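Take a look at the structure set out below.
Keep in mind it's a predicted model, so treat the numbers as computed, not measured.
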Amino acid sequence: MKSIKVTIMGRQYPLVVKHEDENLMYEIADYVDRRFKSFKNNLANQNESTIMVLGCLSIAEELFTMKKEMNYGPDQMEQINDRVRDLISQIKAEV
């Protein structure tokens, strides 16, 4: 496991990730940061919490749409869901 820091909306978040997931986590954090900043630019009057929730919903919508389009079978979907849950657990453990 490796300790890293990612920056989202100007705040640093310490994470512990598997060595092989380090670059992926940086890419994910960068993607999330860009999406949140896009919402912030379009919704300047909203507070940061609202912006982050809307950004998360948008990203989740993308994920669900992609899952449908790829027409994964139940076993493949469960593997994807397990991986997403693992990454979320890693993030929560450090927040």
(message) Once salt bridge (Lys or Arg N to Asp or Glu O under 4.0 Å) is applied, do any residues pair with R34, and if so which ones, sequence neighbours excluded?
(response) D30
(message) Can you confirm whether D33 sits close enough to T7 that some side-chain heavy atom of one is under 4.5 Å from a side-chain heavy atom of the other?
(response) no
(message) If hydrophobic clusters are built by linking Ile, Leu, Val, Met, Phe, Trp and Tyr wherever their side-chain heavy atoms come under 4.5 Å apart, do Y13 and V32 end up in the same one?
(response) yes
(message) Return the OG to CD distance between S3 and E22, rounded to the nearest 0.5 Å.
(response) 10.0 Å
(message) Any heavy-atom pair between the side chains of M1 and K18 that's under 4.5 Å?
(response) yes
(request) Can you see which heavy atom on V17 is nearest to which on M25, and at what distance? (result) CG1-CG, 4.0 Å
(request) Provide the closest heavy-atom pair for F36 versus M9 in the form atom of the first, atom of the second, distance. (result) CB-SD, 3.4 Å
(request) Provide the closest heavy-atom pair for F39 versus S58 in the form atom of the first, atom of the second, distance. (result) CZ-CB, 3.7 Å
(request) Mind checking side-chain hydrogen bond (donor to acceptor under 3.5 Å, both in side chains) for Y31 and listing every partner two or more places apart, or none if nothing turns up? (result) R35, E62
(message) Working to the nearest 0.5 angstrom, can you tell me the gap between I4 CD1 and D21 CG?
(response) 9.0 Å
(message) Quick check on the hydrophobic clustering: are I59 and L57 connected, directly or via other members, by side-chain heavy-atom contacts under 4.5 Å?
(response) no
Exercise answer: donor-acceptor pairs, residues 46-53 side-chain atoms, under 3.5 Å, sequence neighbours excluded:
unit_1 : atom_1 : unit_2 : atom_2 : d
N47    : OD1    : S49    : N      : 3.1
N47    : OD1    : T50    : N      : 2.8
N47    : OD1    : T50    : OG1    : 3.0
E48    : OE2    : R11    : NH2    : 3.3

(message) So R85 and D82, do their side chains get closer than 4.5 Å, heavy atoms only?
(response) yes
(message) Surrounding CD of Q12 (heavy atoms of other residues, nucleotides or ligands, distance under 6.0 Å), is the total greater than 12?
(response) yes
